[in-house]
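The structure displayed is predicted, hence computed values, not measured ones. In this chain, residues are counted from 1 in sequence order.
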Amino acid sequence: IRDRATLDGALRFAHGLFNRFRGLESRLGTVNRSQADRQLIEQAKQSLMTQLKINEEEAHRKLQKMASASNRKLVELARAVVEASKVERN
């Protein structure tokens, strides 16, 4: 009986560690996506700044207004701006 209790305790402990790891892994994925989204928005601002000869604040406002007017998320619009600027360069 003692071996069974030890095994049950070890399994509960391992299961708890596994769940904790999965939670941390999930949070890390969210952080990585957020960082990638911010980088994409920065690229889009940089593209607008170059094309329209505007400052960073104006570029950010322009992205926000365009996203709002098209009912899209800022990061989705930023992705479209970056892709469009790549096409223009080629």
Legend entry - salt bridge (charged side-chain N to carboxylate O under 4.0 Å, His left out) assessment of Glu76 paired with Arg79: CA-CA 5 Å; Glu76 291 172 3; Arg79 186 173 289 110; over 6 Å; no
Legend entry - CA sep, side-chain torsions, deciding dist, call: Lys62, Glu58, salt bridge (charged side-chain N to carboxylate O under 4.0 Å, His left out): CA-CA 6 Å; Lys62 187 155 192 69; Glu58 292 169 320; over 6 Å; no
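Between the CZ atom in Arg33 and the CG atom in Leu28 there is a gap of 9.5 Å [rounded to 0.5 Å]. Atom-to-atom distance recorded for Ile41:CD1 and Leu74:CG is 4.0 Å, nearest 0.5 angstrom. Between the CZ atom of Arg22 and the CG atom of Leu17 there is a distance of 14.0 Å, given to the nearest 0.5 Å. Atom CG of Leu11 is separated from atom CZ of Arg4 by 8.0 Å, given to the nearest 0.5 angstrom. With values rounded to the nearest 0.5 angstrom, Leu48 atom CG is found 11.5 Å from Asn55 atom CG. The CG atom of Asp3 sits 11.0 Å away from the CG atom of Asp8 when rounded to the nearest 0.5 Å.
A 4.5 Å side-chain heavy-atom check between Gln39 and Gln43 finds every atom pair outside the cut-off.
Using a 4.0 Å cut-off between charged side-chain N and carboxylate O, Glu42 and Lys45 make a salt bridge.
Of the possible donor and acceptor atoms, none in the side chain of Ser68 sits under 3.5 Å from a partner among the backbone N and O of Gln64. Side-chain atoms of Ser70 come within 3.5 Å of backbone N or O of Met66 as a donor-acceptor pair. Of the possible donor and acceptor atoms, none in the side chain of Glu83 sits under 3.5 Å from a partner among the backbone N and O of Ala80. Between the side chain of Ser34 and the main chain of Thr30, a donor-acceptor pair closer than 3.5 Å is present.
Closest non-hydrogen pair, Ala44 versus Leu63, comes out as CB-CD1, 3.9 Å.
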